[in-house]
Amino acid sequence: MQPIEESFFHMDTLQLAQHLLGQFVVHELPQGTLIGRIVETEAYLGECDRAAHSFNNRRSKRTEIMFHEPGHVYSYTMHTHTLINVVSGPVGVPHAVLIRAVEPVAGLELMRKNRGSSMKETHLTNGPGKLTEALQITNEYYGHHWTKKPLYIARNERVEQIETSPRIGIKNSGEAARYPWRFFEKDNRFVSPYRP
DNA sequence: CGGGTGATAGACT
DNA sequence: GTCTATCACCCGG
C-alpha cells in the first residue's frame with residue numbers, strides 16, 4: 001500500500017469530494033495497519049459558505065492550514081471527538097472536504113479495541129468522530145500531508161453510484177444549510193445516519 | 001472567562 | 001429509527 005500521488009488533490013473541491021469516495025484512508029501503526037474505504041464526504045467552500053470555519057476567508061490559527069496547498073490534513077476537535085478533513089483548493093482558497101464515514105477494510109480487531117469490544121460492526125466507523133477513534137487519528141496530524149506515511153490516502157476504485165444530500169449538523173447556516181454538498185455511496189451500510 | 005465548535009451512546013418506541 | 005443528555009478544548013479579550 002502506497003500513498004496517492006500529490007497531483008490527485010488538485011481538482012475542483014466538489015469534484016474532489018466525490019473522487020475521494022472509494023479511496024482508502026491508511027494508518028500504519030506499530031500494532032498494525034488500519035484501513036478504511038471512504039464512503040461519505042462533505043465539501044466546505046470557505047469564501048462563500050457560511051457553514052465553513054473559513055467562511056469569508058476567516059484566517060486564524062485553526063483555519064490557517066486551509067489556505068495552504070491541497071492535500072494537507074485539517075483536523076479539529078469537537079468536544080470529545082476529532083474530525084478530519086482534506087484541504088482542497090489552490091493556495092489562498094480555504095476549501096476542505098470532511099471525511100464523514102468509512103467502511104472498515106483492514107485492522108478490524110484493532111478498530112474494535114479502539115471503539116469498545118461491544119460495538120457493532122456498522123457502528124465502528126459510520127460517523128466523523130467514530131472513524132477517527134477507530135483509526136486512531138488525533139489532532140497531532142493537523143498540518144500533516146495526506147501523501148505521507150504513516151497516515152495517508154491510497155488509491156482504490158472510485159464508487160459507481162454517488163448520492164447527494166444537504167450537509168449534516170449545520171442548520172444555523174442560512175442558505176448554505178441547503179447546498180447539496182454531502183456525497184455518499186448509495187446503499188452502503190457504513191454511511192452515517194441521516195439527520196434531516 | 002466567554003464563545004465557538006455538533007457528534008455520540010444509549011434508552012426508548 | 002428517534003430522542004435527548006452529555007461531552008472538552010482552543011482561542012481572543
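Throughout, a chain's letter reflects where its sequence line sits, starting with A, and its residues are numbered from 1. All values reported here derive from a predicted model rather than from experimental measurement. Scope of the values below: all heavy atoms of this structure, side chains included, with no hydrogens, waters or symmetry mates.
- A/Lys120 has its NZ atom 13 Å from the C1' atom of C/dG1, to the nearest Å.
- Of the candidates B/dA9, B/dA7, B/dT5, B/dA7 carries the atom nearest the A/Ile168 side chain, counting heavy atoms from C-beta on.
- The hydrophobic cluster containing A/Tyr152, built from Ile/Leu/Val/Met/Phe/Trp/Tyr side-chain heavy atoms closer than 4.5 Å, also comprises A/Met1, A/Phe24, A/Val26, A/Ile35, A/Val105.
- Rounded to whole Å, the distance from CG on A/Leu98 to C1' on B/dT5 is 13 Å.
- One interatomic measurement links the two molecules: CD1 of A/Ile99 to P of B/dA7, which rounds to 15 Å at whole-angstrom precision.
- A side-chain hydrogen bond (donor to acceptor under 3.5 Å, both in side chains) with A/His95 is found for exactly one of A/Asp12, A/Thr13, A/Asp49, namely A/Thr13.
- In this entry the distance linking CD of A/Glu140 with P of C/dC10 reads 12 Å, nearest Å.
- Cluster partners of A/Phe184, by chain and number: A/Val39, A/Phe190, A/Val191. The rule joins Ile, Leu, Val, Met, Phe, Trp and Tyr whenever side-chain heavy atoms lie under 4.5 Å apart.
- Using a 4.5 Å cut-off between side-chain heavy atoms of Ile, Leu, Val, Met, Phe, Trp and Tyr, with links allowed through other members, A/Ile162 and A/Val102 fall into the same hydrophobic cluster.
- The phosphate of B/dG6 (OP1 or OP2) has no side-chain N or O of A/Arg167 nearer than 4.0 angstrom.
- Listed by chain and number, the residues in a side-chain hydrogen bond (donor to acceptor under 3.5 Å, both in side chains) with A/Glu64 are A/Arg59, A/His68 (sequence neighbours excluded).
- If you chain together ILVMFWY residues whose side-chain heavy atoms come under 4.5 Å of each other, A/Ile170 ends up grouped with A/Tyr44, A/Ile65, A/Met66, A/Tyr74, A/Tyr76, A/Met78, A/Leu83, A/Val87, A/Leu98, A/Tyr142.
- Within residues 54-83 of chain A, the residues having any heavy atom under 4.0 Å from DNA chain C are, by residue number, A/Lys61, A/His79, A/Thr80.
- Comparing A/Met119 and A/Ile170, the nucleotide of DNA chain B nearest to each residue sits closer to the 5' end for A/Ile170.
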Legend entry - Residues A/Glu103, A/Asn188; criterion side-chain hydrogen bond (donor to acceptor under 3.5 Å, both in side chains); working and verdict: CA-CA 9 Å; A/Glu103 172 180 342; A/Asn188 187 296; 2.9 Å; yes
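- Listed by residue number, the members of residues 122-134 of chain A with any heavy atom below 4.0 angstrom from DNA chain B are A/Gly127, A/Pro128, A/Gly129, A/Lys130.
- Taking atom CZ of A/Arg100 as the reference point, atom C1' of B/dT8 lies 12 Å away to the nearest angstrom.
- Using bins of under 30°, 30° to 60° and over 60° for the plane-to-plane angle, the ring pair A/His144/A/Tyr141 lands in the perpendicular bin.
- For A/His53 and B/dG6, the shortest distance from a side-chain N or O to OP1 or OP2 is below 4.0 Å.
- For A/Arg167 and A/Glu42, the salt-bridge test fails: no basic side-chain N is under 4.0 Å from an acidic carboxylate O.
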